[in-house]
Amino acid sequence: MSGATRRSALGLLLGAPLLSACAGVQQSLSQFSNPFSSSAPPAQPAGPPQQATTAGTGGVKVAVILPLSAAGNAGLAAQSMRNAAEMALAEFQNPNIQLLIKDDNGSPQGAQAGAQQAVDEGAEIILGPLFAQSVPAVAQVARTRGIPVIAFSTDSSIAGRGVYLLSFLPESDVNRIVEYSASIGKRSFAVLVPDNAYGNVVEAAVKVAAPRRGGRIVAFEKYGADRATPARTVAQQLGSADALFIADDGDAVVTVADAMTAAGANLRNIQLLGTGLWDNPRVYANASLQGGLYAAPDPAGFRAFSGRYRTKYGAEPIRTATLAYDAVALVAALARTQGTTRFSPDVLTNPSGFAGIDGLFRFRADGTNERGLAVMKVTQGGGVAIAGSPKSFGA
C-alpha cells in the first residue's frame with residue numbers, strides 16, 4: 001500500500017466523532033482484559049437463541065457473532081457490544097456495509113451455525129465471537145470460504161491463519177510498561193506473576209521485553225494460593241532491583257503487595273509496575289501501590305464513547321463495547337477506501353495501523369494485535385496518564 005493509502009486508512013477511523021463527555025466514567029478494564037475471565041461460557045443455562053437480525057443497508061455484508069442469549073454477564077456484555085456495533089454504523093458517514101447479527105448462544109456449536117448462515121448469506125468478513133472456545137469453530141467455516149475473522153477473545157493462542165484478535169492483550173501492556181520503565185532508567189526488574197495462563201503469557205512477554213530494552217530480570221517468582229513464600233523470596237532480592245512488576249488483577253495485586261510488605265519489603269523505595277488489570281478501585285485505594293505505573297488505553301477515548309452511548313441507549317456500556325465499535329468502524333472504513341482488496345491480509349495487517357476509540361492498534365501477521373497504550377500512574381483519585389498514547393507506530 002502507498003503511504004497516502006495507509007494514511008487514509010489510518011485517518012478514516014478518526015472521522016468518527018470523539019465528543020467530550022462527562023469526565024466521571026472510569027470503568028475497570030480488569031474483568032475484561034484478563035483473557036481467562038471471559039474465555040469460557042458461564043455455568044448457568046443460556047436462554048433461547050435470539051433471531052438473526054440485520055443493521056444497515058450497504059452492499060458489503062459483515063457478520064457479527066455474539067453470545068446474545070448467553071446467561072449472566074456474558075449476555076449483558078454481548079448486548080452492549082451489539083449496541084456499540086450499531087452505534088458505529090450510525091456514526092460513520094454513509095457506510096456501505098450491512099451487519100448480519102447472529103446469536104451464538106454462548107456455545108461453539110451456535111457460533112459455527114451462525115458463521116455458516118452468515119457466509120451463506122454473503123458475509124465477506126466475520127466480527128466475533130467473544131469466547132475463545134468458539135473462535136476455532138467460526139474459523140473453520142471462514143477458512144473454507146477464504147474470509148477473515150476479527151474475534152474479540154483475548155486468548156492469543158487461537159489467533160493466526162486469517163483469525164485476528166481485536167482485544168486487550170497482555171503482551172501490549174508488558175511491552176509498553178517495560179519500554180517506558182527503561183526510558184526513565186529502570187533496568188533491573190523483579191517480577192511476580194500468578195501461576196496460571198495469564199501469568200504464563202506475561203512471563204513470556206516480559207522475558208523478551210526486558211533484554212530488548214537493555215534490562216534484566218533479577219528476581220522472578222510465580223505464586224498460587226500461597227503468596228507469602230514467593231513474596232519472601234522476591235523481597236530478599238529486591239535490593240538488586242529498581243522496579244517491581246506485579247501482573248495480576250486488582251484484588252490479587254493488593255494481596256501480593258501486602259505479602260511483600262509483610263516480608264519486609266518497603267514498596268515506597270522501588271518503582272512498582274503493572275498491566276491494564278491494575279485499573280481497579282482497590283489498587284487506587286491501597287497505600288502501598290500509590291505511584292505505581294501501568295499501561296492501559298488512554299481513558300479519554302472511553303469517556304467520550306461512554307457519553308455518546310449513554311445518550312443513545314440510556315445506560316452505561318461495558319468496557320469492551322469499544323471493541324465492537326472499532327471493528328465496525330474499521331470494516332466500514334476499509335469498505336470505503338480499499339476496493340476489492342478491502343479485507344485482504346495486506347490491508348488488515350497495514351503496519352501503520354488504525355485509530356480507534358482506545359487509540360492506535362494494528363494486527364500482526366500472526367493474528368495478534370499491538371496497541372498504542374498510555375502509561376498511567378496510580379493515585380487515590382484513580383489512574384492519571386503520565387505518558388500519552390503514541391500517535392504512530394514505530395517501524
Side-chain angles (χ1 to χ4, degrees), residues 13-33 37-38 41-42 44 46-58 62-95 97-106 127-131 152 166-168 279-281 296-332 355-359 381-383:
L13 283 190
L14 291 168
L18 291 177
L19 308 175
S20 60
C22 303
V25 181
Q26 180 62 36
Q27 287 192 11
S28 172
L29 262 177
S30 62
Q31 59 186 304
F32 302 116
S33 51
S37 62
S38 62
Q44 312 105 295
Q50 292 188 13
Q51 288 293 317
T53 58
T54 62
T57 57
V62 175
V64 179
I65 299 177
L66 292 167
L68 294 163
S69 60
N73 288 338
L76 296 173
Q79 186 57 56
S80 189
M81 294 178 81
R82 173 188 178 156
N83 287 347
E86 294 184 358
M87 186 169 130
L89 197 65
E91 291 185 348
F92 199 92
Q93 295 300 310
N94 303 313
I97 62 173
Q98 180 181 42
L99 303 182
L100 311 177
I101 301 168
K102 311 293 182 184
D103 174 22
D104 67 23
N105 207 221
L127 309 181
L130 179 60
F131 294 137
F152 303 125
L166 181 58
S167 46
F168 301 110
D279 178 18
N280 183 294
D298 189 317
F302 182 69
R303 281 199 296 266
F305 166 81
S306 293
R308 305 200 311 279
Y309 185 103
R310 236 184 354 261
T311 299
K312 189 173 180 68
Y313 297 110
E316 295 293 337
I318 66 156
R319 184 60 186 83
T320 47
T322 55
L323 302 179
Y325 184 103
D326 283 350
V328 171
L330 173 63
V331 296
I357 297 290
D358 293 302

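Start at 1 with the first residue, then count along the sequence.
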With a 4.5 Å limit on heavy-atom distance, are the side chains of [X] and [Y] in contact?
| X | Y | result |
| --- | --- | --- |
| Leu127 | Val328 | yes |
| Leu76 | Ile318 | no |
| Leu166 | Leu330 | no |
| Asp104 | Leu130 | no |

Which atoms form the tightest heavy-atom contact between [X] and [Y], and what is the distance?
| X | Y | value |
| --- | --- | --- |
| Gln98 | Gly58 | CB-O, 3.6 Å |
| Gly106 | Ala70 | CA-CB, 4.2 Å |
| Ala329 | Phe92 | O-CE1, 3.9 Å |
| Phe131 | Ala74 | CZ-CB, 3.5 Å |
| Tyr325 | Ala84 | CD1-O, 3.5 Å |
| Ala55 | Ile101 | CB-CD1, 4.3 Å |

*Would Glu86 and Lys312 pass as an ion pair if we require N to O under 4.0 Å?*
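Salt bridge: no.
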*Would you mind checking if Arg82 and Asp103 are paired as a salt bridge, meaning a charged N to carboxylate O distance below 4.0 Å?*
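Not counted as a salt bridge, because no side-chain N and carboxylate O are separated by less than 4.0 Å.
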*If we ignore angles and hydrogens, is there a donor and acceptor under 3.5 Å between the side chains of Tyr309 and Ser80?*
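Yes.
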Inter-residue atom distance [X].[atom1] - [Y].[atom2], 0.5 Å rounding:
| X | Y | atom1 | atom2 | value |
| --- | --- | --- | --- | --- |
| Asp326 | Thr320 | CG | OG1 | 11.5 Å |
| Phe168 | Thr322 | CZ | OG1 | 4.0 Å |
| Lys102 | Leu66 | NZ | CG | 12.5 Å |

